[in-house]
Structure formats: C-alpha cells, structure tokens
Number of protein chains: 2
Amino acid sequence: MVTLAEVAQHAGVSASTVSYVLSGKRSISTTTRQRVEESIRKLGYHPNAGARALASSRSNIIALMIPLRTDMYVPVMMEIAIAVAAGARTHGYDILLLTGEEGPDAVRRVTGSGLADAMILMDVELDDERLPLLRATDQPSVLIGLPADTEGLTCVDLDFRATGALCVEHLAGLGHRDIAVIGEAAAVYERHTGFAERTLDGLRTRARELGLRLLHRPCEGGYDTMAATLARVFDERPDTTGFVVQNEAAVEPLLALLRQQGRAVPEDVSVVAVCPEQVATQASVRLTSVAVPAQEMGRRAVEQLVAKLDGRGSDEVVLLAPELTVRASSGPAPVGP
Amino acid sequence: MVTLAEVAQHAGVSASTVSYVLSGKRSISTTTRQRVEESIRKLGYHPNAGARALASSRSNIIALMIPLRTDMYVPVMMEIAIAVAAGARTHGYDILLLTGEEGPDAVRRVTGSGLADAMILMDVELDDERLPLLRATDQPSVLIGLPADTEGLTCVDLDFRATGALCVEHLAGLGHRDIAVIGEAAAVYERHTGFAERTLDGLRTRARELGLRLLHRPCEGGYDTMAATLARVFDERPDTTGFVVQNEAAVEPLLALLRQQGRAVPEDVSVVAVCPEQVATQASVRLTSVAVPAQEMGRRAVEQLVAKLDGRGSDEVVLLAPELTVRASSGPAPVGP
DNA sequence: CAGTCCAGTCGAAGCGCTTCGACATGGTAT
DNA sequence: ATACCATGTCGAAGCGCTTCGACTGGACTG
C-alpha cells in the first residue's frame, strides 16, 4: 500500500505539500504540482480513507437508509437509490447502504461513529421515530418523503397532493362523475405513510371542489385481491367510469379484469395511474399517468444534502410538481343510458 | 463526540483496557469489564470508524457493486442487495453501495483506499473486465453470478443450467413435445451474461436428450414486443404447447396474449417461468415456476465472504439447486388432432 | 521457598492523513 | 533602500484508535 509519505519522497517534496496538491487548500506552483501528480500516477497512490476520515473528521460518505418493507413498490426505491448513488459520486461521496432492520439505532450508530457525514432517509412515515434523533444531531440529513412536521428538516418529494388533484381534474375534464381510487395496501395507510395519505387528500379535496363522487379502496395488488376490490367497487358504485390507481401492483390486474368483464378501456372506463414511466408504457394499455420521478428525487436529495454539507443551503421542503401524461387509457366518459 | 480516552477516564482505567473490553482480544476481569461497559453506556460512546480503520487496517465495510442496467429485472437485484445488507450487519459489517457507473475503476478505488475490506459483485458477465483486477488484489471478493473462468474466484449463483433442464423435464413429463423459450432481452445475450446463456444451454441440452423440439426467442418484455415474439413463435412452430419464460417482464404479457388468442392455460398451453416467488403467485394464473432464490443468494454470498475475511473458507463455486414448484399454469399436453 | 506461569492492566508507539504556524523567497509599494 | 505582502513550501502536532511489550501480583510447581 502506497502512502502519502512515499509519494512525497518520490516527488522530492514534503508530505504536507502532497496533501495540499490533493486538496487544493493552498496554492502550489505548477511545476511542483505536476511533479507530485506524476508521482501519484506512477506509484498508483490512493489516499487511505480511514486516515483521511480521522484527520479531517470527514468520511466523504453519505448514509442511505432504505427500509425493507415488502408492501412498498421496490423498483421505485431502487431507482431512487441508484440515482442517489450516482449523484453522490459526482460530488465525491460514496453511499453507505442501511436497511430498515436496525431502525433508529442505525441513526445513532452512524452519527456516533462518524461513519458517514450525512444521511438520506427514504420511505419516511408521517410520524417517523427517526426524526427526533435527526433533529437532535447536527449531522445534515435529507428526507425523501414528507413527515407530518417538517420543522427543521429538509425534504424532497413529489407533490402527491397536487398529484391526486391532477388525476381528478383530468377525469373530471373528460366528463367522469364517479371515480374509484385503487389505493396502496391497507398497511401503508395504517403506517401513516405520507405520500399515500397526501395523494388521497388531494384526490378527495379536488373531487369535492369539482362535485365528483369518489370511492377509495386500499388494495394489496395481485389478481385475487384486485378482483375482490373491483367487485366491491362496482357493487357500491355501479356507475363508476373513472379509476385512479396508485398501487403499481394493481395496475395490470385491474386492466385484465376490466377486459375480462367486457369493459373497454378507454371507451367504457378510463384509468389513470400514479407510477413510473416504464410501468405506464409497458402495460397492456398504454396508461395515462402521473410519473413518479424517482431519478429526479434521488438527484435533488443529493443536491440538497451536498449544499448543506458545503454550508450552503438550509432546511427546505422541495416538492416536485407532478406532470400528467395522456396516453391510451383515458377518454371521454360514456354518455349515460 | 465521546472518545475512548474519556471513557477510560470515567471508568478509571487506561485507554488500552477499554479497547480490550471492546475487542475481547485480551482477558479482562469481570469487575473492570462491567465498570467500563457502564461508562460506555453512560457517556453514549461510539468508537470512531475512521480511527478504528486506520489503526486496525480493517474498515468493517463490504463494498457491493450493483450495475445499473435497465434491462435487468430490478426487484431481484434489490432483494439480493437487501439480503446482503442484512446478512452483513449480522456479522458486523456495513455495506458500501457502488453502482456500475465507475466500472473497473471502482474496484481500484475501493481496494486502494482501504474503504472496504472486501467486495461483492453482482451481475457478472462471462468475461467481466473487473475480474483481472479482482484476481490481482489480495482483497477477498465474492461474485453473485458465474463468469466463464472461475479460477481463483468465489462465486454464488443459482444453477441455471440445472434450472433450464428442470423446466424442460417438467414439460416433457407432461407430454409436451414442442417448447418455446421466451428469453431475456437480446442485449443480455449479447453481453454474454452468464445466467442467460447457462439457462439456455440447460434447456437445449436436456431437450435434445429427451428428443424435444425447442425454439428460443429473446424478448424485451412488454406487450408489444411479446405480441410480436409470440406471433413469430406460432408461425414457426404451430404445434407449440409448452412455454418457458425467463424474462419476468414478459410473463404477464404472455398470459394476457394467450388468453386473448383463446388458448387456455394450462389446458391448451403450459407455461413455466423462472422468476421470484412473488411474481409466480401474483400473476393472473398462478405460475408453475423455478424460483430465483434472491435472499438465499445474498445470504450465501455474505457467508462466503465473511469466511474468507476470517481466514476460513477458500475459493469455491456455490451453485444453488433449483426447485420447481408446480402451480396452475402447467398441465398435460393436449392430445393431438 | 525459589522459580515459573498466567490473568489483568498499563504506557507508548504508530496507523496515514490534515492542518496550523513558520519560514523563505521574490515582487511591489513607499 | 526599507518595509511589506503574497506565494510556495516545510515541520510538527495531532485525529482516536489498536496493539505490542512490559509490568504486577497472586497461584502454582518442584
């Protein structure tokens, strides 16, 4: 293992000079810099992470906490995680992956040990037990998701309330009066996950404003549960012509079941989904949808965090504006009998 | 930030004693141990990761390289990653998440800087460019996946050759003579990803041995490409009654299209999938399938790696035996016309 | 009863780096 | 010519931990 001292010796300068070449914190003459850089290349030098962290009390690592709930749609999580990792690298940070298992203890461990300089938390609950710890520590952090109380916290999320409103507006504009919402699994609501409740709130509020009838049903996804849910929906509201689907795992089952029941999409019923682009375009009917901008969320979270680490930036809630893309699954409401 | 020295002072012992209490590398009297542990608790002490890494040249971090290819099925990756993270924690290791972007440079960076003690590589290609680097360094590593040359490497993977054979045997046992294989996207084969080629090899070899006709078609997944692929299959082999699907994104489209064409599953055609359990049980027809044991793979990879780190264990290829679960999508071949 | 051993503890060295103050050097302003 | 400053470089002091050798006092052995 090559050390700073060896590089210094090889280049005929002192260790501190090499260090300053690396960090750029003091001016170095061009000739010296080049000589040092040459030595670094030749010897294949890599600064030792531990020593660096010890001396500078900066690890250049960002901790990313991903819970491992089975009822969350994984691809979105993964996409965010990957965007976070890529974004972090461009700022010179690596990602430490923490799964939910440890819970709040992980926060303590990471902040206490100086393992990471900052944290990004995913899948935040409205009243998350990690938040008090986060507020207590002076370690910068960013949440992906929105808790009930954002005081003193930085958050990045899709504006799910606006998302809900947007879906309702789209269907209302097409003349639909009875709308069913196929929501996330019941457990997601019980856990008070922000995005689910916010979407629902947006849907309900706008529906009321526009004078629509809205029926919300949680749904685990999969064919069997979707079939049961759909039966209940048409039982209670036979005139339903518009669907808003939030659970990705329910999208395809819903489409298949509607087809099976002889209800044509979009002639008889319209479907709007909240899902990643890929799901929308690869479904059996190209779906009118509001995209969940996973990449954007990951990128923005890193940007906010790096700003904090650099002393710029402050606590702030970044809500990304939803965009609805019209595709083949929504159309004018059928004219009444 | 609380340091070792402060704990030592609080407990009335020397710093080295505290260190030995923590590591257990020398015997400590019960009374001293308890006093020290009490102080640690009271002061809320967490060892500083950087200092520890520097002094012991062990970071207690395992690097996990996940490529970010869009044509791979993400949930499996994610499941493995989470299993790796959880497994690592039980052995006292944290996970550093590296995405494919950096490529081989990431290997150099991590081994060179002492950031991690060991690596786990996912989605290994048959002739992966990271392998020479891995062989050159003395840092322990485990691959999830199987390259062409496993000399000097430790690998964990599902036995995809046996998986292919198993699928063919099942269909052959039910009397099917013409089998179509809906493979991964063409790009996956072009990249020479081990698992795809191995499955195909297993399928072909066993089919030949059993005297079956086998038609293989790559497929990107999604409805449109699946429709095109399916048309070509029935065009070339009208008597096809058995399907083996390897691409998860093609499963549901295939089922929907068959239904649409009036071909009943499993009465007219049988479908066997290679996919995670969840996909098999949540599909519109409960699928006869060979499960991809993502969790098991992640767990085993960590075990192998930890064994190496502890000086136990050696280079070894661990191939997990596939298991086929019969569900509702396969049945006896229809009797000929 | 001297010699040996072991459990239990301590002090000090050092891991590889960052960073502070000090020191030259040469240019610029007075 | 003197004083001053900016620039470039160095030496040394740590950062918080692990670990090695050394020391102590009691429990054995012969």
Side-chain angles (χ1 to χ4, degrees), chain A residues 1-37 39-40 43-61 92 94 109-117 309, chain B residues 1-37 39-40 43-61 92 94 109-117 309:
Chain A
M1 165 156 278
V2 191
T3 70
L4 229 215
E6 296 177 75
V7 173
Q9 190 173 13
H10 186 271
V13 297
S14 76
S16 49
T17 301
V18 177
S19 178
Y20 286 124
V21 167
L22 251 32
S23 68
K25 292 192 178 173
R26 285 204 183 170
S27 49
I28 298 285
S29 69
T30 319
T31 56
T32 305
R33 179 195 314 289
Q34 285 172 348
R35 207 140 36 84
V36 170
E37 281 168 352
S39 298
I40 289 178
L43 301 180
Y45 168 72
H46 283 270
N48 179 76
R52 192 168 251 196
L54 177 57
S56 64
S57 17
R58 293 283 240 101
S59 65
N60 284 307
I61 288 181
D94 273 299
R109 197 165 60 84
V110 167
T111 62
S113 68
L115 241 184
D117 297 332
L309 283 165
Chain B
M1 165 157 279
V2 191
T3 69
L4 228 216
E6 297 177 77
V7 174
Q9 190 175 12
H10 186 270
V13 296
S14 77
S16 49
T17 301
V18 177
S19 178
Y20 286 124
V21 167
L22 252 30
S23 68
K25 292 192 180 174
R26 286 204 183 170
S27 49
I28 298 285
S29 70
T30 319
T31 56
T32 305
R33 179 195 315 289
Q34 284 173 348
R35 205 141 35 84
V36 170
E37 280 167 353
S39 298
I40 289 178
L43 301 180
Y45 168 71
H46 284 269
N48 180 76
R52 193 167 249 195
L54 177 57
S56 65
S57 16
R58 293 283 242 100
S59 63
N60 284 309
I61 288 181
D94 273 299
R109 195 165 60 85
V110 167
T111 61
S113 67
L115 241 184
D117 297 332
L309 283 165

If only side-chain N and O atoms of B:Lys25 are considered, is one of them under 4.0 Å from the OP1 or OP2 phosphate oxygen of D:dT19?
yes

So B:Leu22 and B:Ile40, do their side chains get closer than 4.5 Å, heavy atoms only?
yes

Could you check whether B:Ile28 gets within reach of a base, just the sugar-phosphate, or nothing at all, counting any heavy atom under 4.0 Å?
sugar-phosphate

Within the structure, does a side-chain N or O atom of B:Tyr45 lie under 4.0 Å from either OP1 or OP2 of D:dC17?
yes

4.5 Å side-chain heavy-atom contact, A:Thr3 and A:Asn48:
no

B:Leu54 CG - D:dC15 C1' separation (whole Å)
9 Å

Rounded to the nearest 0.5 angstrom, the CZ-CG distance for A:Arg109 and B:Asp94 is 4.0 Å

Among the candidates C:dC17, D:dT19, D:dC17, find the nucleotide nearest to the side-chain atoms of B:Asn48.
D:dC17

Give one of base, sugar-phosphate or nothing for A:Ser56, where a contact means two heavy atoms less than 4.0 Å apart.
sugar-phosphate

Under 3.5 Å, is there any donor-acceptor pair linking the side chain of A:Arg52 to the base of D:dG16?
no

NE2-CG distance between A:His10 and A:Leu43, expressed to the nearest 0.5 angstrom
5.0 Å

Answer yes or no: are there more than 12 heavy-atom neighbours, outside B:Glu6 itself, under 6.0 Å from its atom CD?
yes

Does a distance-only test, which skips hydrogens and angles, find a donor-acceptor pair under 3.5 Å between the side chain of B:Tyr20 and the base of D:dC17?
no

Comparing B:Val13 and A:Met1 on DNA chain C - which has the more 5′ nearest nucleotide:
B:Val13

When only distance counts, do a donor and an acceptor, one from the side chain of B:Ser16 and one from the base of C:dG11, lie under 3.5 Å apart?
yes

OP1 or OP2 of D:dT9 less than 4.0 angstrom from a side-chain nitrogen or oxygen of A:Ser29, does that happen here?
yes

Per B:Thr3 side chain, nearest of listed nucleotides D:dG16, C:dG16, C:dG11:
D:dG16

B:Thr17 side chain N/O closer than 4.0 Å to the phosphate oxygens (OP1, OP2) of C:dC10?
yes

Is B:Ser27 near enough to C:dA7 that one of its side-chain N or O atoms lies under 4.0 angstrom from OP1 or OP2?
no

Can you tell me which nucleotide in D:dC17, C:dG11, D:dC10 comes closest to the side chain of B:Ser14?
C:dG11

With the side chain defined as heavy atoms from C-beta on, B:Ala55 is closest, among C:dT19, C:dG14, D:dC15, to C:dG14

What's the closest nucleotide to the A:Thr32 side chain, out of C:dG16, D:dT19, D:dT9?
D:dT9

Would you kindly give the CG-to-C1' distance between B:Leu22 and D:dT18, to the nearest whole Å?
11 Å

Rounded to the nearest angstrom, tell me the gap between atom CG in B:Leu4 and atom C1' in D:dG14.
16 Å

Do the side chain of A:Arg26 and the base of D:dT7 come within less than 3.5 angstrom through a donor-acceptor pair of N or O atoms?
no

First locate atom CZ of A:Arg35, then atom OG1 of A:Thr30, and finally report the distance between them rounded to the nearest 0.5 Å.
12.0 Å

Measure from CZ on A:Arg35 to C1' on D:dT9 and round the result to the nearest Å.
11 Å

Send over the distance from A:Glu6 CD to C:dC15 C1', rounded to a whole Å.
13 Å

Could you give the CD-to-C1' distance, from B:Gln9 to C:dC10, as a whole number of Å?
15 Å

